[in-house]
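Beneath this line is the structure, given in structure tokens, with notes to follow.
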Amino acid sequence: MKSILIISDLHLPFEHPDTFDFLAKLKKEIKPDLVVSIGDIVDFSSIQVSRPNDPNVDSPVFELEKSRPKIKKLEKLFPVMSVCWGNHDERLIRKAEMSGIPRSLLRDINSILGVTAKWTWDDKFQIPLSSNQQLYLTHNFKKNALASAKELGCSFAQGHYHTAFSCEFFSSPTALNFALNVGCLINPKAEAFRYQKNFLKRPILGCGAVINGTPKLYPMTLDHNGKWLKKL
């Protein structure tokens, strides 16, 4: 696989306003052979499993209605995509199971989101690289991506940690491997992220890629008004 684009944590419909322009420019720049979204395509902030629902956000019906047009824009950009389940993507399933409803009685996630493109969902993906190494991708394993890569014994990429955007390497007698944290594409000002308003660390917006076996990070650099500078 020569060129892989790695996207994570869009949290639709609460993505940064310039997300789709940024992704379109990345697509044109790297011409990916494979696109992988490694979790949290949708936010489902209206469906909580560990705390009470936030009364300041839309109900599940309205949140999904706002998400679907944006999912269509993402489908148009990437009609074929491998998608990892994120903890937010799974909220609907976990909420159902808490109520005694098994997964077998729920609709397929693509059907729920209105996806008609060829999006394949799984917990993880292992992809051969052009460098004859393996790349393991999942939503999250440990916050320390390098420790995860060493434990897995191969190159590794993850999302989930909105404030983590990094690339590190480790070597063995037979391989040079890397570990990527690919950031997120959220709108930090959205009501759904009010809980992190006072966090000292701020979200880092961007995506990752692997081109001819070499990892790259593409930050979405913003101006003082929070607008993307339109440069990669």
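Heavy atoms only: backbone and side chains are in, while hydrogens, waters and symmetry mates are out.
In this structure the side chain of L23 reaches within 4.5 angstrom of the side chain of L185, judged on heavy atoms. Side-chain contact check for L64 versus V42: every heavy-atom pair is 4.5 Å or farther apart.
With a 6.0 Å radius and a threshold of 12 heavy atoms from other residues, nucleotides or ligands, F170 has its CZ atom above the threshold. Within 6.0 Å of NZ on K230 lie more than 12 heavy atoms contributed by other residues, nucleotides or ligands. Around atom CZ of R68, more than 12 heavy atoms belonging to other residues, nucleotides or ligands sit under 6.0 Å away. Dense packing is recorded around NZ of K95, with more than 12 heavy atoms of other residues, nucleotides or ligands lying under 6.0 Å away. In this structure, N132 places its CG atom where only 12 or fewer heavy-atom neighbours from other residues, nucleotides or ligands lie under 6.0 Å away. Summarising the local packing, NZ of K73 is surrounded by 12 or fewer heavy atoms from other residues, nucleotides or ligands at distances under 6.0 Å. No more than 12 heavy atoms of other residues, nucleotides or ligands shown are found within 6.0 angstrom of NZ on K66.
The residues K72 and E75 are annotated as salt-bridged, a charged nitrogen and a carboxylate oxygen being separated by less than 4.0 angstrom.
Separating the CG atom in L137 from the CG atom in D123 is a distance of 13.0 Å, to the nearest 0.5 Å. For the atom pair CG of D33 and OG of S3, the computed distance is 5.5 Å after rounding to the nearest 0.5 Å. Interatomic distance, CG of L12 versus CG of L74, reported as 6.5 Å (0.5 Å rounding). With rounding to the nearest 0.5 Å, the separation of CZ in F125 from CG in L135 is 11.5 Å. Taking CG of L92 as the reference point, atom CD1 of I112 lies at 5.0 Å (rounded to 0.5 Å).
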Just list the side-chain donor-acceptor pairs under 3.5 Å for residues 77-88, sequence neighbours left out, or say none.
residue: N87; atom: OD1; partner: H139; partner atom: NE2; Å: 3.0
residue: N87; atom: OD1; partner: H160; partner atom: ND1; Å: 3.2
residue: H88; atom: ND1; partner: D43; partner atom: O; Å: 2.7

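Side-chain contact, S46 with E63: a donor N or O sits under 3.5 Å from an acceptor N or O. No side-chain N or O of W121 forms a donor-acceptor pair with one of D108 less than 3.5 Å apart. Using modelled atom types, one finds a donor on one side chain and an acceptor on the other under 3.5 Å when comparing Q158 with N181.
A pairwise comparison of heavy atoms in G183 and D9 identifies O-OD1, 4.1 Å as the closest pair. Contact record, L229 with L222: CG-C, 4.1 Å, taken as the closest heavy-atom pair. The shortest non-hydrogen separation linking Y218 to I211 is OH-CD1, 3.6 Å.
Listed for the S148 side chain is no donor-acceptor partner under 3.5 Å among the backbone atoms of F141.
Taking the six-membered ring for Trp and the full ring otherwise, H11 and F193 have centroids separated by under 6.0 Å.
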